[in-house]
Each structure stands twice: as C-alpha cells, then as structure tokens.
**Q** 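The structure that follows is given in the form of structure tokens.
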Amino acid sequence: MTGDCETAPPQGAAADWTVPQRWGDYTPAEHAMWDRLFARQTGMLPGRVVPAFLQGLDTLGMSEGGIPDFEVLSDRLMKATGWQVVAVPGLVPDRVFFEHLANRRFVAGRFIRTPEQLDYLEEPDVFHDVFGHAPLLANPVYADYMQAYGEGGLRAASTGVLGKLARLYWYTVEFGLIREGDALRLYGAGIVSSFGESVFALDDPSPNRIGFDLKRVMRTRYRIDDYQQSYFVIDSFEDLLEQTLSTDFGPVYADIFGADDIAEDAILATDRVFTRGTQAHAR
Ligand code: PHE
Ligand code: FE
C-alpha cells in the first residue's frame with residue numbers, strides 16, 4: 001500500500017524506506033496473535049480461496065507457527081519466484097512502492113494488530129501484508145503480474161493517472177475474485193486476510209460480482225471504510241497478466257481521463273454479471 005507525497009525516509013529507515021524486521025523483538029503475545037489469526041483464516045479458506053494460495057502457504061512453510069522471519073520467508077520466495085519480503089515502517093510513497101515491486105520486493109509492515117483490532121485496522125499489519133500477499137507471490141504468473149504492476153506504476157508516476165492505476169491494484173491484488181469452473185474463489189489479499197470479508201465477498205447477496213474489464217475497473221470508485229460493493233472476477237492469473245501486459249496503458253489513461261467515475265455499486269449494460277447484488281449491506 002502507498003501513502004502520500006512525502007519523500008524523505010523516516011529516521012532509522014534506509015534510503016529505500018526499508019527497516020530491519022527485528023524478528024527477535026516480537027513478544028510471545030505477538031506471535032500468539034499471528035497464530036490465532038492464521039488458524040482462523042486457514043480453517044475457513046479451503047474451498048473458498050484459489051488453490052494457488054494454499055500451495056503458496058505450503059511452499060513458504062507458513063504453517064510453522066509464529067510471525068514469519070522475513071529472511072527465512074524471502075529465502076523460500078527467492079527459490080520459488082525470485083521475490084523477497086522487506087520491512088517498512090508504514091505506508092511508503094508511490095514511487096518507493098513501485099520501485100520495490102518492479103524489483104520483486106514486496107514491502108510489509110512489521111507490527112501486528114492488538115486484540116482490540118482483531119477485525120478492523122487502519123493500516124495494514126504484518127498479518128495482512130504477509131499472510132495476505134506472500135503466498136501468491138510464490139506463484140510464477142502472479143509474481144510476474146506484481147512486477148509488471150510496479151513497472152507500470154513507475155511509468156505512470158507523475159502523470160496524474162496513478163489514481164486509475166491504484167484502482168486496478170485495489171480490485172485485483174487486494175479484492176480480486178477468480179473463476180474456477182462454475183465457482184468463484186477468493187484471491188485478493190484484503191479479502192483472504194479478513195475473516196468477515198472472506199465470507200461476505202463470496203457468499204453474501206449484497207455485493208455485485210462482475211467480470212473483470214480493465215478500463216471499467218480503472219473508472220470504478222472503491223470503498224476504504226467497509227466491505228466492497230462490487231468485486232471483479234478474473235478468468236485466470238494468466239489472463240490477467242496477458243491483458244495487462246499486452247495493453248499499453250498510455251492510450252487507456254488517455255481514453256478514460258475525461259470519462260466519469262463509475263459508482264461503487266453500479267452495474268453497466270456492458271458488464272458480465274455473475275451476481276447482481278442487493279446492496280443490503282451498504283444500506
Ligand atoms: N501494460 C501496463 C502499461 O503499459 C503495465 C502494467 C502491467 C500495469 C501489468 C499493471 C499490470 O503501463
Ligand atoms: Fe495489501
């Protein structure tokens with residue numbers, strides 16, 4: 001996730017904004033918090049999450065217990081797809097974020113939520129960042145998509161279209177659904193790290209579930225204060241990578257620059273609708 005326009009890294013951070021994870025400083029209570037969240041999510045995700053996510057958990061040895069040590073995790077990720085996980089103090093500027101992604105480094109917070117924050121957080125913690133994002137980085141196609149996204153971000157930076165590109169990240173990397181035969185599955189990190197949204201996104205009658213369309217997604221507003229009102233469904237990671245890689249976003253940005261935003265809950269005549277939501281939750 002990215003923050004705003006500040007450019008100098010905070011005290012104690014390197015020029016690229018990374019900080020040591022200081023894994024040895026986590027308390028038993030913090031490790032226990034991870035284990036509690038991990039057990040809750042892994043108990044519920046089989047049959048709901050894309051199989052590549054569960055494979056990733058396995059490849060990365062994430063069921064060993066406790067908050068993962070980023071060095072150990074990065075060794076395993078490096079062997080699988082050449083990615084690493086590095087610690088940052090909090091939200092980082094867009095350019096810093098893109099630069100890391102383009103170099104196959106995923107930036108993660110090192111702090112973990114408190115029991116009072118079990119189901120609601122203002123800023124992503126290590127459980128969201130690592131449990132939510134790391135497993136799919138062990139998937140070669142998804143790994144390439146994330147790098148390409150970083151490169152696209154660097155190209156788009158300082159052109160005033162980052163808001164449009166951010167919507168693509170939001171509706172894929174954070175809140176994406178994927179089709180598996182006739183069924184839908186979860187893959188977005190914001191969903192798979194959330195107990196409530198893991199059920200809501202897949203089963204609740206409230207939200208729309210709409211086939212992924214690049215331009216459409218880039219025009220669609222999103223909610224940061226509640227569950228999403230629309231989720232977008234990709235056919236496969238291969239298809240997502242192919243569509244985004246083979247499209248030069250320059251003309252796409254130009255095309256949608258003057259176009260109106262699409263509301264969070266809208267359904268268009270051109271949408272491929274999987275579920276027309278009741279929007280009862282939002283009301
Ligand atoms: N094709 C995009 C561009 O021209 C780059 C990109 C690839 C962006 C994959 C997001 C995801 O900028
Ligand atoms: Fe995230």
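Everything numeric in this text was worked out from a predicted model, so none of it was measured. Every number for a ligand or one of its atoms is a count from 1 in the order of the listing. Side chains included, hydrogens not; waters and symmetry mates left out as well; all remaining heavy atoms used.
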**Q** Does any N, O or S atom of Asp129, backbone or side chain, fall under 2.8 Å from the Fe ion (ligand 2)?
**A** no
**Q** Can you confirm whether the side chains of Ser193 and His128 place a donor and an acceptor under 3.5 Å from each other?
**A** yes
**Q** Please name all residues satisfying side chain to side chain contact (heavy atoms under 4.5 Å, CB included) with Leu121, sequence neighbours left out, ordered by chain then number.
**A** Arg113, Gln117, Asp125
**Q** In terms of side-chain heavy atoms, does Gln228 have a donor or acceptor partner in His281 at a distance below 3.5 Å?
**A** no
**Q** Quick check on ligand 1: any N or O pairs to the protein under 3.5 Å? One line per pair.
**A**
{"from": "ligand 1", "atom 1": "1 (N)", "to": "Thr244", "atom 2": "O", "distance (Å)": "2.7"}
{"from": "ligand 1", "atom 1": "1 (N)", "to": "Thr247", "atom 2": "O", "distance (Å)": "2.7"}
{"from": "ligand 1", "atom 1": "4 (O)", "to": "Arg155", "atom 2": "NH2", "distance (Å)": "3.4"}
{"from": "ligand 1", "atom 1": "4 (O)", "to": "Phe249", "atom 2": "N", "distance (Å)": "2.9"}
{"from": "ligand 1", "atom 1": "12 (O)", "to": "Arg155", "atom 2": "NE", "distance (Å)": "3.4"}
{"from": "ligand 1", "atom 1": "12 (O)", "to": "Arg155", "atom 2": "NH2", "distance (Å)": "3.1"}

**Q** Would you list the pairs meeting salt bridge (charged side-chain N to carboxylate O under 4.0 Å, His left out) in which at least one residue belongs to residues 248-260, sequence neighbours left out?
**A** Lys215-Asp255
**Q** Measure from the Fe ion (ligand 2) to every N/O/S atom of His133 and report the name of the nearest one.
**A** NE2
**Q** Flag the pair Tyr227 / Phe175 as yes when their ring centroid distance falls below 6.0 Å, and as no otherwise.
**A** no
**Q** I'd like to know whether Glu242 forms a side-chain hydrogen bond (donor to acceptor under 3.5 Å, both in side chains) with Tyr145, so could you lay out the CA-CA distance, the side-chain angles of the two residues, the decisive distance to 0.1 Å, and finally the verdict.
**A** CA-CA 9 Å; Glu242 208 283 317; Tyr145 174 69; over 6 Å; no
**Q** The Fe ion (ligand 2) is nearest to which N, O or S atom of Glu174?
**A** OE2
**Q** Side chain to side chain contact (heavy atoms under 4.5 Å, CB included) with Glu30: which residues, sequence neighbours excluded?
**A** Tyr26, Thr27, Ile67, Ile112
